[in-house]
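Please read all numbers here as calculations on a predicted model, not as lab measurements. Each ligand, and each atom within it, is numbered from 1 in the order the structure gives. Heavy-atom basis, side chains included; hydrogens, waters and symmetry copies ignored.
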Amino acid sequence: MRIDVVTIFPDYLAPLSLSLIGKAREQGLLDLAVHDLRGFTRDRHRSVDDTPYGGGAGMVMRPEPWGAALDHVRSLAGPGTGGAPHLLVPSPSGVRFSQAMARELAAQPWLAFACGRYEGIDERVLQDGAEAGPVTPVSLGDYVLGGGEAAVLVIVEAVARLLPGVIGNAQSLVEESHEDGLLEYPVYTKPAVWRGREVPPVLLSGHHGQIERWRRDQRLRRTAARRPDLLAQIEPASLDDADRAALAGDPTSGPDDAT
Ligand code: ADE
């Protein structure tokens with residue numbers, strides 16, 4: 001996969017050279033480039049913002065540098081990239097990012113991110129971009145960040161770890177939170193007793209059926225306690241009697257570790 005990021009703070013993206021993403025880049029699984037928006041300005045002050053038409057607080061990012069930067073990114077098309085990148089514009093007024101979107105993006109050959117600052121980017125940049133390829137304003141959640149850079153770090157990490165070969169054990173991608181609408185079960189490692197706290201005995205029993213049941217109970221209870229909105233989306237017909245017992249708080253269905 002190819003990813004291009006345009007920003008006025010290239011150093012903000014330095015963590016994309018570390019850990020999982022850094023390794024994926026070294027291994028050639030991810031080809032990522034960061035571009036400085038100011039390099040595409042033409043005025044002496046290298047200005048990227050101006051006052052909003054119609055009045056109001058704050059500043060808006062000017063369309064000219066963005067147009068030039070995104071034209072440059074598109075000119076980098078290569079054999080594996082397809083025609084134009086899918087342009088993602090982090091914004092609190094975008095569509096909500098999710099694991100499902102991460103999966104969709106991981107299947108695409110080329111993504112580009114336009115990191116807005118201030119009150120956002122002149123809307124015509126998105127309209128102009130849509131003539132070349134898909135454009136999606138994307139929000140991490142219902143809060144406001146100072147700019148798109150932190151959102152890009154999050155989105156790139158969520159997407160890159162889904163790329164084939166990036167995570168050694170592909171099974172760990174299947175069993176995690178948000179892959180099937182339930183949160184992940186609690187996990188434990190050695191020692192079996194730590195500060196007087198025991199690992200739930202079933203996990204030491206070697207009884208795979210009971211462990212699987214316990215884990216599912218924990219997932220259901222956790223989801224009910226922490227994310228009732230997710231539980232409400234689950235098809236009732238997909239729950240069996242044991243599932244319903246776990247949600248009803250049946251004490252025989254395992255220790256309650258819902259919170
Ligand atoms: N930029 C500012 N706020 C944001 C948010 N909530 N999600 C994504 N990008 C943003």
Side-chain angles (χ1 to χ4, degrees), residues 1-21 30 32-38 40-41 47-67 69-70 73 85-108 110-130 132-163 176-178 183 226-227 229-230:
M1 168 179 275
R2 164 96 191 175
I3 296 181
D4 289 276
V5 185
V6 183
T7 169
I8 56 168
F9 295 119
D11 292 348
Y12 209 122
L13 285 306
L16 296 178
S17 298
L18 303 175
S19 185
L20 198 81
I21 313 279
L30 175 64
L32 188 146
V34 178
H35 310 268
D36 186 350
L37 182 69
R38 287 196 200 277
F40 298 90
T41 54
S47 69
V48 293
D49 61 331
D50 208 333
T51 53
Y53 275 124
M59 300 291 270
V60 174
M61 295 194 100
R62 298 171 47 222
E64 300 97 322
W66 274 112
L70 295 174
V73 166
H86 184 159
L87 179 62
L88 296 152
V89 187
S91 158
S93 39
V95 298
R96 182 71 165 265
F97 185 61
S98 63
Q99 188 67 17
M101 194 194 292
R103 283 222 167 269
E104 284 171 24
L105 296 177
Q108 301 181 9
W110 192 8
L111 307 177
F113 290 89
C115 298
R117 284 261 147 191
Y118 317 112
E119 296 304 311
I121 302 172
D122 186 304
E123 191 65 21
R124 293 167 295 180
V125 173
L126 283 73
Q127 294 164 348
D128 184 64
V135 177
T136 307
V138 56
S139 171
L140 289 193
D142 297 337
Y143 42 81
V144 180
L145 303 169
E149 288 80 4
V152 169
L153 294 178
V154 170
I155 296 168
V156 170
E157 176 140 334
V159 170
R161 62 192 291 284
L162 299 177
L163 297 176
E176 63 194 2
S177 298
H178 301 299
L183 301 183
R226 298 178 183 177
R227 294 292 305 276
D229 57 314
L230 291 182

N/O of G148 under 3.5 Å from N/O of ligand 1, yes or no? no
Mark yes when over 12 heavy atoms from residues, nucleotides or ligands other than E157 sit less than 6.0 Å from its CD; otherwise mark no. no
What protein heavy atom sits nearest atom 6 (N) of ligand 1, and how far off is it? Y143 O, 2.7 Å
So for V138 against ligand 1, with non-hydrogen atoms under 4.0 Å, the contacting part is backbone
Suppose we measure from atom 3 (N) of ligand 1 to each protein heavy atom; which comes out shortest, and what is that distance? L145 N, 2.9 Å
State whether a side-chain donor-acceptor pair under 3.5 Å links H178 with S98. no
Please report the C-alpha distance between R38 and D36 in whole Å, then the side-chain angles of each, then the deciding distance to 0.1 Å, and finally whether the salt bridge (Lys or Arg N to Asp or Glu O under 4.0 Å) criterion is met. CA-CA 5 Å; R38 287 196 200 277; D36 186 350; 5.4 Å; no
So with a 6.0 Å cut-off around OH of Y143, is the heavy-atom count from everything else above 12? yes
I'd like to know if G147 contacts ligand 1, where contact means a heavy-atom distance under 4.0 Å to any ligand atom. yes
Specify side chain, backbone, both or neither for A151, according to which of its non-hydrogen atoms lie closer than 4.0 Å to ligand 1. side chain
So, the side chain of S139 versus the backbone of G141: is there a donor-acceptor pair under 3.5 Å, distance only? yes
Nearest to atom 7 (N) of ligand 1, what protein heavy atom do you find, and at what distance? L140 N, 2.9 Å
Can you tell which of P137, G94, S91, G141 gets a heavy atom nearest to atom 9 (N) of ligand 1? S91
Heavy-atom distance under 4.5 Å between the side chains of L153 and Y12, does that happen here? yes
